[in-house]
Q: 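Got a structure for you, written out below as structure tokens; questions coming shortly.
Numbers for residues simply follow the sequence, beginning at 1.
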Amino acid sequence: MKKHLCLFILLLLALALPCALADATVPQEVLDLCATAHPGYTVAAADGAAGQYALVLTNGSENRLCIAEREAGGDYALTIDNPTALRQGEDIPELLIDTAGDALFYTYHGGEDGQYEYAEYTYHAVKQNGAWGTVDTTMRYSHEELAAWVQDGKLCRSVSRFDKGDNLFRQNIYLPMPLAGLDDQLTLADFDISLLPTSEYANPPEAMIRAALSLPEDAALERTLHGPYLFAEYFAPDGTRRVAACSYDEKDGYRTVSSLPLPEGWILDDFHSWSKMNISNFMDITCAFALYCNSAWKLAWVQTDELFSVFPNAIIPSIDDTILYAGDLPDFDLSTVDLADLPKSQAEVFAAMDSTNWRVVNNPIPTDRLRLRDAPGGKELGRYYNGTPVQVLGEEGEWSHVRIGHVEGYMMSAYLAPGDQGVEVRGVQLSVREELVGQDIPLYTQPDESSAVVAQVHNPGHMPWDGELFCGTAGDGWIHVLSLRDGISGYIQEKYLWAGNG
């Protein structure tokens with residue numbers, strides 16, 4: 001009899017429960033509250049204690065995130081009741097509210113539609129002053145981690161890569177995006193999970209893209225790519241098709257540069273673009289534009305039957321991408337150049353270069369370095385590798401008065417080749433130490449820590465074809481860094497870098 005009575009009581013309890021409980025410690029009062037608010041829903045996941053519980057309610061196709069909190073009078077209330085904070089359908093996350101009750105985590109195992117089966121997607125929000133704040137997310141897959149969060153009124157994101165020892169060795173920081181009126185939809189109460197990117201190639205919401213680019217309402221977006229910069233192809237109000245590149249810094253905010261009307265058949269190559277904007281007609285020419293001096297977008301390389309890198313004062317043919325030619329080139333600026341008029345061969349770009357006042361370090365012993373002195377035969381200022389471009393300011397007998405970046409001095413003319421002759425770049429090959437990846441490294445005006453800092457460089461590396469040269473050494477433990485792209489020149493301490501061939 002007792003056995004039958006117990007079964008009867010259990011049956012009544014089961015009928016009374018509005019859910020299939022994932023956590024039997026949820027108070028009945030909370031379950032009743034959820035059943036009243038959302039008849040037909042069951043509890044698929046739950047966690048909590050001390051008067052505060054997070055729950056996932058589902059009816060099989062629609063999922064809601066709820067938080068029930070005990071109020072001052074002792075009753076529970078649903079302080080969060082959000083139908084857009086979760087994936088819909090069969091995906092149910094794991095829930096965790098920390099013991100202090102001021103942080104919520106919910107985690108999905110695997111991406112939507114079965115993608116990235118072994119990835120973990122964790123969403124997180126913190127309660128401050130009694131209110132739940134903005135939601136951030138991290139996606140960890142193998143040795144990669146994507147993060148997205150709100151900071152200073154902008155949506156920020158990064159992709160980090162780790163070695164087998166879980167040490168960070170590379171990090172990509174994306175252009176921060178203005179919230180564009182979506183602030184409320186990024187706080188937990190009204191959070192829309194679709195607003196946060198779940199892959200490194202996902203674009204932010206269109207409202208953010210338009211706000212960053214300052215596009216007029218009647219401009220129609222065609223293609224976009226969000227990375228370190230924001231690139232877009234669009235129809236302008238006058239009906240012409242154009243591309244735009246957007247950069248951001250804390251001082252000047254968002255800066256957008258738009259092209260002239262695109263020739264027929266040209267489009268933004270949003271698949272291959274990343275730190276440079278690639279534009280192509282996909283027939284016989286593709287070109288790329290790179291940010292120069294944080295303001296202008298200028299031609300970086302051209303690919304036809306040939307491939308060659310272009311800088312304001314140098315050319316590196318990519319058929320042998322370590323040969324450097326020095327000289328003044330036309331101003332191939334995205335905002336003013338007609339793409340139809342770009343050089344389509346190395347012969348055309350060489351014809352447009354003026355090497356009159358340019359030389360290239362050309363030591364007969366390629367691994368040796370040419371001394372830069374403060375006067376003919378004077379004090380040594382540094383030693384420079386073959387392939388370093390130098391601007392000639394004057395001649396004094398056997399000596400040339402030269403400028404290398406921001407540094408002036410004298411070199412023996414016999415060891416300088418004409419700029420149009422071309423010399424193999426032999427600069428020291430170094431990369432930033434892995435424990436410093438993702439950090440800014442100071443670049444000094446002189447090989448001296450007490451000198452002014454020219455810039456903070458991010459993950460510096462020796463990439464001649466991209467315009468970064470570790471072109472010389474100075475004193476003990478200093479390397480002269482020269483950026484052909486943006487004109488930055490300064491000294492970095494070798495202690496920040498792994499030993500190379502210097």
Q: Could you tell me if the side chain of Leu329 sits less than 4.5 Å from the side chain of Pro312, heavy atoms only?
A: no

Q: Taking side-chain hydrogen bond (donor to acceptor under 3.5 Å, both in side chains) as the test, write out the residues that go with Thr122, two or more places apart.
A: Thr107

Q: Are Trp297 and Phe231 an aromatic pair by the rule of ring centers under 6.0 Å?
A: yes

Q: Who pairs with Glu424 by salt bridge (Lys or Arg N to Asp or Glu O under 4.0 Å), at least two apart in sequence or on another chain?
A: none

Q: Quick one: list whatever passes side-chain contact (heavy atoms from CB on, under 4.5 Å) with Arg87, sequence neighbours left out.
A: Asp91, Tyr108, Glu112, Tyr121, Ile193

Q: Centroid separation under 6.0 Å, is that true for the rings of Tyr491 and Tyr444?
A: no

Q: Do Met208 and Leu155 come within less than 4.5 Å of each other through their side chains, counting heavy atoms only?
A: yes

Q: Kindly indicate, with the supporting measurements, whether the criterion side chain to side chain contact (heavy atoms under 4.5 Å, CB included) is fulfilled by Ser247 and Tyr254.
A: CA-CA 6 Å; Ser247 59; Tyr254 294 95; over 6 Å; no

Q: Identify the two heavy atoms, one from Leu179 and one from Gly153, that lie closest to each other, and give their separation to 0.1 Å.
A: CG-O, 3.2 Å

Q: Using distance alone, with no hydrogens and no angle criterion, decide if Ser280 and Asp269 have a side-chain donor and acceptor under 3.5 Å apart.
A: no

Q: Has Tyr118 got more than 12 heavy atoms of other residues, nucleotides or ligands less than 6.0 Å from its OH?
A: no

Q: Within a strict 4.5 Å, meaning less than it, do heavy atoms of the Val26 and Val43 side chains meet?
A: no

Q: Any carboxylate oxygen within less than 4.0 angstrom of a Lys/Arg side-chain nitrogen, looking at Arg242 and Glu222?
A: no

Q: Can you name the residues that form a salt bridge (Lys or Arg N to Asp or Glu O under 4.0 Å) with Glu306, not counting sequence neighbours?
A: none

Q: Classify the side-chain pair Asp184/Thr187 by whether it contains a donor and acceptor separated by less than 3.5 Å.
A: no

Q: Applying salt bridge (Lys or Arg N to Asp or Glu O under 4.0 Å), can you list everything that pairs with Asp249, at least two apart in sequence or on another chain?
A: none

Q: Determine the minimum heavy-atom distance between Val257 and Ser295, stating which atoms define it.
A: CG2-O, 3.7 Å

Q: Which pairs, with at least one residue in residues 172-201 and sequence neighbours excluded, count as a ring-ring contact (aromatic ring centres under 6.0 Å, His included)?
A: Tyr174-His226, Tyr174-Trp274

Q: If the condition is side-chain contact (heavy atoms from CB on, under 4.5 Å), which residues does Leu381 pass it with, not counting sequence neighbours?
A: Leu372, Asp374

Q: Should we say atom CG of Asp476 is surrounded by more than 12 heavy atoms from elsewhere, each under 6.0 Å from it?
A: no

Q: List the residues meeting salt bridge (Lys or Arg N to Asp or Glu O under 4.0 Å) with Glu206, not counting sequence neighbours, and say none if there are none.
A: Arg210

Q: Check whether any side-chain heavy atom of Arg157 lies under 4.5 Å from a side-chain heavy atom of Ile173, and answer yes or no.
A: no

Q: Please tell me whether Ser483 and Glu468 have a donor and an acceptor in their side chains that are separated by less than 3.5 angstrom.
A: no

Q: Could you check if a side-chain atom of His480 sits within less than 4.5 angstrom of a side-chain atom of Val407, using non-hydrogen atoms only?
A: yes

Q: Just do the side chain to side chain contact (heavy atoms under 4.5 Å, CB included) check on Thr137 and His124 with the steps written out, would you?
A: CA-CA 6 Å; Thr137 183; His124 165 250; over 6 Å; no

Q: Minimum heavy-atom separation for Tyr292 to Gly487, with atom names?
A: CE1-N, 4.3 Å

Q: Rounded to the nearest 0.5 Å, what separation is found between the CG atom of Asp192 and the OG1 atom of Thr84?
A: 4.5 Å

Q: What residue pairs, at least two apart or across chains, pass salt bridge (Lys or Arg N to Asp or Glu O under 4.0 Å) with a residue in residues 287-298?
A: Lys298-Asp331

Q: For Asn281, what residues pass the side-chain hydrogen bond (donor to acceptor under 3.5 Å, both in side chains) criterion, not counting sequence neighbours?
A: Asp284

Q: Assess Arg140 against Phe162: is NZ or CZ under 6.0 Å from the centre of the six-membered ring, and within 45 degrees of the ring's axis?
A: yes

Q: Identify the two heavy atoms, one from Phe308 and one from Pro317, that lie closest to each other, and give their separation to 0.1 Å.
A: CB-CA, 4.0 Å

Q: Who are the side-chain contact (heavy atoms from CB on, under 4.5 Å) partners of Ala54, not counting sequence neighbours?
A: Ile67, Leu95, Ile97, Leu104

Q: Looking at every heavy atom in both Arg485 and Phe311, which two are closest together, and how far apart are they?
A: NH2-CE2, 3.1 Å

Q: More than 12 foreign heavy atoms under 6.0 Å from CG of Asp166: is that the case here?
A: yes

Q: Hey, are Asn82 and Asp190 close enough side-chain-wise for a donor-acceptor pair under 3.5 Å?
A: no

Q: Identify the two heavy atoms, one from Thr224 and one from Ile209, that lie closest to each other, and give their separation to 0.1 Å.
A: OG1-CD1, 3.8 Å

Q: Please indicate whether Phe105 has more than 12 foreign heavy atoms, meaning atoms of other residues, nucleotides or ligands, lying under 6.0 Å from its CZ.
A: yes

Q: Checking salt bridge (Lys or Arg N to Asp or Glu O under 4.0 Å) for the pair Glu69/Lys127: CA distance, chi angles, key distance, verdict?
A: CA-CA 12 Å; Glu69 299 184 65; Lys127 184 169 68 174; 2.8 Å; yes

Q: Would you say that Asn278 contacts Trp301 through its side chain, given a criterion of any heavy-atom pair below 4.5 Å between the two side chains?
A: yes

Q: For Val360, check side-chain contact (heavy atoms from CB on, under 4.5 Å) against everything at least two apart and list the hits.
A: Leu324, Ala326, Val423

